[in-house]
Amino acid sequence: MLKQKFLIVMLLFSTIMFGQNSLEIDKSSIKALIINSFDHIWSELNSNNIDTYYTQDFLLLENGEVWNNEGISNYLNNALLNKPIPNRVNTIEIIEIKVLNGMAWIAYKNHATFSIENKIIRLAYWLESATAILTENGWKLDMLHSTRIKNE
């Protein structure tokens with residue numbers, strides 16, 4: 001009887017530990033999703049990466065405007081026409097990540113430094129939140145809400 005109780009306790013403990021480990025993996029994946037999406041879409045101005053990071057019905061809400069994937073793609077393609085193209089470096093400061101049942105939300109501060117030939121031409125700051133869903137191809141963003149904040 002003592003062996004059975006010990007076995008049950010060990011199974012429960014391992015299940016709890018597995019769940020916590022899985023949650024931390026999901027949180028790391030969500031953080032990487034945000035960072036990589038900004039680096040591979042917005043810094044590279046690469047509309048081909050939209051499908052990698054965003055769902056088909058993705059929405060970006062920014063300062064009263066609503067953007068979908070087509071609008072983002074058009075913006076990026078037009079930005080490539082403006083020469084010289086600034087280098088954009090993003091710094092993401094995570095505030096909080098919550099994951100539950102194949103859905104997640106993240107709140108973070110986004111700081112972008114724009115430079116040309118190593119000379120800073122613009123600094124931009126946003127307070128942002130995003131939601132993501134777990135798809136058969138991994139985590140993807142389905143909504144991002146962005147509020148510009150004044151330069152610090």
Side-chain angles (χ1 to χ4, degrees), residues 13-152:
F13 182 72
S14 65
T15 301
I16 291 169
M17 292 302 293
F18 176 76
Q20 289 176 340
N21 188 38
S22 177
L23 179 61
E24 290 307 312
I25 290 169
D26 284 340
K27 285 184 175 185
S28 293
S29 296
I30 299 302
K31 181 178 178 180
L33 177 65
I34 288 293
I35 292 168
N36 291 334
S37 69
F38 276 100
D39 289 346
H40 298 145
I41 295 172
W42 297 99
S43 291
E44 294 177 8
L45 301 175
N46 190 339
S47 61
N48 294 325
N49 289 329
I50 289 173
D51 288 339
T52 302
Y53 299 101
Y54 297 164
T55 60
Q56 292 292 319
D57 59 349
F58 173 83
L59 288 179
L60 167 60
L61 310 173
E62 182 164 359
N63 291 328
E65 295 182 20
V66 179
W67 296 33
N68 61 19
N69 290 345
E70 182 180 354
I72 294 167
S73 181
N74 290 337
Y75 172 84
L76 297 171
N77 293 334
N78 286 332
L80 288 170
L81 301 175
N82 297 325
K83 305 292 183 193
I85 297 172
N87 181 51
R88 175 180 173 158
V89 176
N90 304 293
T91 303
I92 306 292
E93 179 186 337
I94 303 298
I95 298 169
E96 189 164 352
I97 301 172
K98 297 220 180 215
V99 179
L100 182 63
N101 298 328
M103 296 180 68
W105 68 259
I106 181 171
Y108 57 95
K109 294 178 183 178
N110 183 0
H111 301 248
T113 303
F114 298 86
S115 61
I116 295 175
E117 296 179 4
N118 295 322
K119 181 181 177 187
I120 295 174
I121 60 167
R122 181 175 168 233
L123 299 172
Y125 304 98
W126 299 269
L127 178 62
E128 299 180 331
S129 61
T131 60
I133 59 170
L134 187 57
T135 71
E136 60 187 30
N137 297 318
W139 287 100
K140 288 192 175 195
L141 296 169
D142 61 345
M143 193 275 303
L144 192 153
H145 185 253
S146 179
T147 302
R148 288 187 196 151
I149 55 178
K150 293 183 179 182
N151 291 349
E152 296 173 348

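None of the values given here were measured: they were computed from a predicted structure. Count residues from 1 along the sequence.
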**Q** Is there a donor-acceptor pair closer than 3.5 Å between any side-chain N or O of Ser73 and the backbone N or O of Asn69?
**A** no
**Q** According to side chain to side chain donor-acceptor pair (under 3.5 Å), who are the partners of Thr135, at least two apart in sequence or on a separate chain?
**A** none
**Q** Apply the test side chain to side chain contact (heavy atoms under 4.5 Å, CB included) to residues Glu70 and Ile72: give CA-CA distance (whole Å), side-chain angles for both, the deciding distance (0.1 Å), then the verdict.
**A** CA-CA 5 Å; Glu70 182 180 354; Ile72 294 167; over 6 Å; no
**Q** Roughly how far, to the nearest 0.5 Å, is CD1 of Ile116 from CZ of Arg122?
**A** 11.5 Å
**Q** With under 30° as parallel and over 60° as perpendicular, where do the rings of Phe38 and Trp42 fit, or are they tilted in between?
**A** tilted
**Q** Which value, rounded to the nearest 0.5 Å, describes the distance between Leu59 atom CG and Trp67 atom CH2?
**A** 13.0 Å
**Q** Is there side-chain contact between Trp139 and Asp26, with heavy atoms separated by less than 4.5 Å?
**A** yes
**Q** How long is the gap from CG on Asn36 to CD1 on Ile92, to the nearest 0.5 Å?
**A** 10.5 Å
**Q** Enter the distance from Leu76:CG to Ser47:OG here, rounded to the nearest 0.5 Å.
**A** 6.0 Å
**Q** Taking the side chain from Lys140 and the backbone from Asp51, do they hold a donor-acceptor pair closer than 3.5 Å?
**A** yes
**Q** Tell me, do Glu62 and Arg148 make a side-chain contact under 4.5 Å, heavy atoms counted?
**A** yes
**Q** Quick one, Asn90 and Ile35 - any side-chain contact, counting heavy atoms below 4.5 Å?
**A** no
**Q** Compare all side-chain heavy atoms of Leu141 with those of Met143 and state whether any distance is below 4.5 angstrom.
**A** no
**Q** Taking the side chain as C-beta and beyond, is there a heavy-atom pair between Leu123 and His111 under 4.5 Å?
**A** no
**Q** Please report the closest heavy-atom contact between Asn46 and Asn48, naming both atoms and the distance.
**A** OD1-N, 2.9 Å
**Q** Would a 4.5 Å heavy-atom cut-off, applied to side chains only, mark Ile41 and Thr52 as touching?
**A** no
**Q** Got a second to check how far Ile94's CD1 is from Lys109's NZ, nearest 0.5 Å?
**A** 12.0 Å
**Q** Calculate, to the nearest 0.5 Å, the distance between atoms CG and CE belonging to Asp142 and Met103 respectively.
**A** 6.5 Å
**Q** Are more than 12 heavy atoms from other residues, nucleotides or ligands located less than 6.0 Å from atom CD of Glu96?
**A** yes
**Q** Side chain to side chain contact (heavy atoms under 4.5 Å, CB included) for Leu134 and Val99? Distances and angles first, verdict last.
**A** CA-CA 10 Å; Leu134 187 57; Val99 179; over 6 Å; no
**Q** Partners of Tyr108 by ring pair (Phe, Tyr, Trp, His ring centres under 6.0 Å), sequence neighbours excluded?
**A** none
**Q** Among residues at least two apart in sequence or on other chains, which ones pass side chain to side chain donor-acceptor pair (under 3.5 Å) with His40?
**A** Tyr53
**Q** Which heavy atom of Ser43 sits nearest a heavy atom of Arg88, and at what distance?
**A** OG-O, 3.0 Å
**Q** Dump the intermediate steps for side chain to side chain contact (heavy atoms under 4.5 Å, CB included) on Phe58 and Ile50, then the final yes or no.
**A** CA-CA 10 Å; Phe58 173 83; Ile50 289 173; over 6 Å; no
